[in-house]
Amino acid sequence: MTKENKVLTIDIGGENLKMAEFHFPENGGMVMHAFAFRKMVREEGESSRDMFSRYYNELIAEGGFTATNVRLSLSAQNSFQRLSKLPPVLGSRDAIDRLIEFEASQTMPYAIEDIEWGYQLLYHEWDEMVPEEQEDGSIAEISVHRSENEALFIAMKSDDVVPFTEVIEDSGKVVLSVDAAPVALFNAAMAAQIKDDECALLVNIGGGATSLMIADKHRVFLRNIPTAGESVTAQIAREFSIDNNQAEDFKRRYGFVALGGAYEEPESELASKISKITRNVMTRLHGEISRSVSLWRAQHGGSAPTRILLAGGGSTMQYTTEFFNEKLRIPAEYLNTFPLIGIGSGVDKNLLQSVAPMSQALIGLGLRELGHAPLDISLLPKVIKKQFDLNSRKPFLYAAVGTLISSLLIFVFGLMLLRTHEQNRVAAIQQDVVKAENETRKIQQLNNELLNLQGQFDESMNFLRDRNTWARMISEIQRKMPANVWLVALEYDGDRKLNTVDTGESLGGEEGEMNLNKADNPNKRMSLKNISNLQNITKVRLVGYARDSHDDGGASINAFIEALRKESPEAPSFFDVNNVNLNRNRVDGVYNLSYFEIILTLKEQLRK
């Protein structure tokens with residue numbers, strides 16, 4: 001919404017278009033800077049929107065209007081008004097809105113989705129005299145203070161509002177408010193002539209309808225009456241059998257309100273007939289006004305009006321004030337709101353004076369810019385309200401976006417700082433890791449040296465552990481050996497399989513391995529070369545003789561082998577009892593003497 005010190009006001013009547021631009025000087029006040037008036041004539045097949053667009057664009061081009069903001073008023077001919085009483089307990093504002101919306105939906109003849117409407121809450125309080133029985137049984141009237149809330153709502157069909165606002169907005173201007181013409185006129189009258197403590201009747205006689213407004217202190221009552229200037233024109237056309245254009249011309253040239261009673265007739269018979277037609281229409285209008293005042297007083301407890309203010313083009317016929325003064329028996333005068341404003345040099349004052357009675361709603365629209373709007377009911381279309389709502393939220397949206405962007409920037413900056421900090425931290429940790437790896441390598445190297453020394457130590461301990469093994473093994477062999485069996489050799493080998501000795505073959509055949517002598521040379525010992533090449537001892541060879549009473553000594557050798565195979569938990573054997581190899585031969589030339597070789601597999605390997 002553009003903020004400027006001027007506003008363009010537009011009043012669209014039933015047959016005419018009025019436009020005025022008001023400026024608001026810094027020292028206060030309101031000045032009419034430009035004014036334009038145009039009677040609108042609808043071309044054949046032309047819609048209301050197209051007709052308004054044509055005249056509006058003409059006046060914009062010719063009138064020198066520069067304001068961007070626009071306040072619009074529309075004829076109340078197609079509007080709907082209702083004053084409703086509300087329950088004493090209202091609750092929250094949302095509850096009030098729902099209640100009034102429900103009331104509007106039940107009362108208005110159109111679906112609420114198809115209308116533009118608004119309302120205003122009015123607070124009413126008064127003192128009422130009520131009878132009360134006294135202690136002595138008498139009845140006395142006492143004053144009771146009462147109060148109530150009322151809601152005045154006004155509605156128009158969207159089709160009667162949106163086409164005009166669309167034309168205005170298409171021209172690049174912004175519509176700030178849409179008033180029903182009675183609302184704008186009421187605000188102007190309250191600022192100009194109606195006092196806060198009086199009850200005044202304001203009657204705006206337009207072309208298609210008459211708007212009746214009652215200002216009763218801080219209360220308001222509105223009503224549309226379908227009797228107006230066009231009713232006079234239509235009656236003249238029927239009376240003289242002429243078209244409406246000619247009848248309108250007759251009304252303007254000869255029309256006045258005939259005075260009641262014994263008054264001299266005008267010289268022109270045509271004027272006399274037209275005046276009587278006008279009086280008949282005005283009489284019907286008076287009857288509607290009287291019924292409206294009675295309704296106001298009976299149903300709403302309103303006050304009786306003390307004077308009547310007339311406005312609108314239909315009120316300009318001669319003797320109109322005298323007619324209402326006579327009928328209503330209260331002072332009647334014309335509404336004049338022009339003292340509220342200044343008139344600029346660019347305004348055609350003659351034109352303004354000629355249409356002044358029907359142009360005062362423009363002043364009421366301008367007063368909205370000064371904040372003077374006792375009746376603040378706008379029929380602004382929903383689509384424009386949504387746009388205004390969006391515009392009002394834009395600063396907050398921009399602030400939110402700015403805050404979000406700032407937060408993101410701060411977040412990114414924080415991430416950059418954190419990244420730099422972490423990079424420095426990682427670099428420091430990497431240096432520590434390098435140092436730790438160097439120390440780890442040193443420790444690993446020392447650990448390897450320790451393990452090497454530990455291995456050497458364990459190796460020596462293993463040798464030390466096995467130092468008594470041979471003694472214990474020989475003791476076991478000696479203990480299990482029968483008395484007539486003796487050994488001449490005990491030999492060991494490495495990982496290779498021992499060969500039998502009766503063939504004279506060696507266990508390995510290579511230098512450094514164990515060789516066994518033939519059985520026929522028992523005194524010859526086995527020679528060991530390069531014993532360091534043998535890493536482990538897996539088998540031992542027992543070589544000896546047996547003397548038995550039997551022919552070959554076999555019983556003693558077998559007993560020896562069985563003894564070697566036997567073991568107990570208290571005395572475990574050194575040998576694998578399931579893996580014993582025996583080679584036995586008889587010694588020639590010696591009675592009962594046998595030579596034997598026994599190969600025993602160790603349960604556990606021994607170091608050489």
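Just so you know, these numbers come straight off a predicted model, no measurement behind them.
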Open item on the list: Using side-chain heavy atoms (C-beta onward) and a distance below 4.5 Å, is L122 in contact with L83?
Closed with: yes

Task: Polar contact flag, side-chain donor to acceptor under 3.5 angstrom, S354-N350 - done: no

Open item on the list: Check whether D249 reaches the backbone of N245 with its side chain - one donor and one acceptor, N or O, closer than 3.5 Å.
Closed with: no

Task: Distance-minimising heavy-atom pair for G314 and M282 - done: O-CE, 3.8 Å

Open item on the list: Check this for me: F411, atom CZ, are more than 12 non-hydrogen atoms of other residues, nucleotides or ligands nearer than 6.0 Å?
Closed with: no

Task: S275 side chain to A271 backbone, donor-acceptor under 3.5 Å - done: yes

TODO: Please check if the side chain of E116 supplies one atom and the backbone of K382 the other of a donor-acceptor pair under 3.5 Å.
DONE: yes

Task: Nearest atoms (heavy-atom pairs only) where S75 meets G14 - done: CB-N, 4.3 Å

Open item on the list: Taking the side chain as everything from C-beta on, heavy atoms only, tell me whether W296 gets closer than 4.5 Å to L212.
Closed with: no

Task: R279 and E326 ion-paired at < 4.0 Å - done: yes

- [ ] Taking atom types as modelled, find out whether K251 and T233 have a side-chain donor-acceptor pair closer than 3.5 angstrom.
- [x] yes

- [ ] Quick one: closest heavy-atom pair of A36 and L59, and the distance?
- [x] CB-CD2, 3.9 Å

TODO: Give the intermediate values and the outcome of side chain to side chain contact (heavy atoms under 4.5 Å, CB included) for residues F240 and L270.
DONE: CA-CA 10 Å; F240 293 99; L270 179 61; 3.4 Å; yes

Open item on the list: Ring-plane angle category for F153 and W117, please: parallel below 30°, perpendicular beyond 60°, tilted otherwise.
Closed with: perpendicular

- [ ] Would you confirm whether N187, through its side chain, and G364, through its main-chain N or O, come within 3.5 Å as a donor-acceptor pair?
- [x] no

Task: Side-chain donor/acceptor of R219 to backbone N/O of E150, under 3.5 Å - done: no

Open item on the list: With a 4.0 Å cut-off on N to O distance, would you call E248 and K39 a salt bridge?
Closed with: no

- [ ] Check whether any side-chain heavy atom of I289 sits under 4.5 Å from a side-chain heavy atom of F324, and report yes or no.
- [x] yes

- [ ] Check D376, L176, T9 against R368 for a side-chain contact (heavy atoms from CB on, under 4.5 Å) and give me the one that passes.
- [x] D376

TODO: Give a yes or no on whether a salt bridge exists between K273 and E269, defined as a side-chain N under 4.0 angstrom from a carboxylate O.
DONE: yes

Open item on the list: Looking only at the side chains, is there a donor atom on one of R223 and S292 sitting less than 3.5 Å from an acceptor on the other?
Closed with: yes

Open item on the list: Taking CD in E198 as the centre, count heavy atoms belonging to other residues, nucleotides or ligands within less than 6.0 Å. Is the count above 12?
Closed with: yes

Open item on the list: If I take atom OG1 from residue T227 and atom CD from residue E288, how far apart are they, to the nearest 0.5 angstrom?
Closed with: 6.0 Å

Open item on the list: With a 4.5 Å cut-off on side-chain heavy atoms, are I343 and F35 touching?
Closed with: no

Task: R49 and V167, any side-chain heavy atoms less than 4.5 Å apart - done: yes

- [ ] Say whether Y119 and S84, considering side chains only, have a donor N or O and an acceptor N or O under 3.5 Å apart.
- [x] no

Open item on the list: Once rounded to the nearest 0.5 Å, what's the spacing between atom OG1 of T321 and atom CG of L309?
Closed with: 12.0 Å

- [ ] Nearest 0.5 Å please: distance from the CZ atom of F22 over to the CG atom of L365.
- [x] 8.0 Å

TODO: Go through the steps for Q193 and R307 under the test side chain to side chain contact (heavy atoms under 4.5 Å, CB included), then give the verdict.
DONE: CA-CA 11 Å; Q193 287 181 257; R307 62 171 174 157; 4.2 Å; yes

- [ ] Please lay out, stage by stage, how L121 and N149 fare under the test side chain to side chain contact (heavy atoms under 4.5 Å, CB included).
- [x] CA-CA 7 Å; L121 290 175; N149 291 284; 5.6 Å; no

Open item on the list: If you count heavy atoms of other groups shown closer than 6.0 angstrom to OH of Y55, is the number above 12?
Closed with: yes

TODO: Say whether, by atom type as modelled, one donor and one acceptor occur between the side chain of K173 and the main chain of A67 under 3.5 angstrom.
DONE: yes

Task: From D216 atom CG to D197 atom CG, the distance as rounded to the nearest 0.5 Å - done: 10.5 Å

Task: Whether N69 side chain and V7 backbone form a donor-acceptor pair below 3.5 Å - done: no

Open item on the list: Quick one, Q360 and L335 - any side-chain contact, counting heavy atoms below 4.5 Å?
Closed with: yes

- [ ] Compare all side-chain heavy atoms of M51 with those of E43 and state whether any distance is below 4.5 angstrom.
- [x] no

Task: Close side-chain approach of T66 and H33, heavy atoms under 4.5 Å - done: no

Open item on the list: So, taking the atom named CG in L362 and the one named CE in M19, what distance separates them when rounded to the nearest 0.5 Å?
Closed with: 9.5 Å

- [ ] Starting from the C-alpha separation in whole Å, work towards a yes-or-no answer on side chain to side chain donor-acceptor pair (under 3.5 Å) for S171 and Y56.
- [x] CA-CA 10 Å; S171 66; Y56 167 77; 2.8 Å; yes

Task: Electrostatic pair E101-R98, nearest N-O below 4.0 angstrom - done: no

Task: Shortest non-hydrogen separation from L370 to G29 and the atoms involved - done: CD2-O, 4.2 Å

Open item on the list: Is it the case that the side chain of S378 and the backbone of V178 share a donor-acceptor pair, with hydrogens and angles ignored and the cut-off at 3.5 Å?
Closed with: yes

Task: Whether over 12 other heavy atoms sit under 6.0 Å from K195 NZ - done: no

Task: Closest non-hydrogen atom pair, I205 against G229 - done: CG2-N, 4.2 Å

Task: Aromatic ring pairing F323/H286, orientation class (parallel under 30°, perpendicular over 60°, tilted between) - done: perpendicular

- [ ] Assess the side chains of S79 and N224: does a donor N or O sit below 3.5 Å from an acceptor N or O?
- [x] yes

- [ ] List the atom of S231, the atom of P226, and the distance in Å for their closest heavy-atom pair.
- [x] OG-O, 3.7 Å

Open item on the list: Between E62 and R38, is the salt bridge (charged side-chain N to carboxylate O under 4.0 Å, His left out) condition met? List the steps.
Closed with: CA-CA 11 Å; E62 298 171 3; R38 189 66 51 88; 2.9 Å; yes

- [ ] Go through the steps for L259 and E322 under the test side chain to side chain contact (heavy atoms under 4.5 Å, CB included), then give the verdict.
- [x] CA-CA 8 Å; L259 298 173; E322 288 80 359; 4.3 Å; yes

- [ ] Can you measure from CD1 (I363) to CE (M30) and round to the nearest 0.5 angstrom?
- [x] 6.0 Å

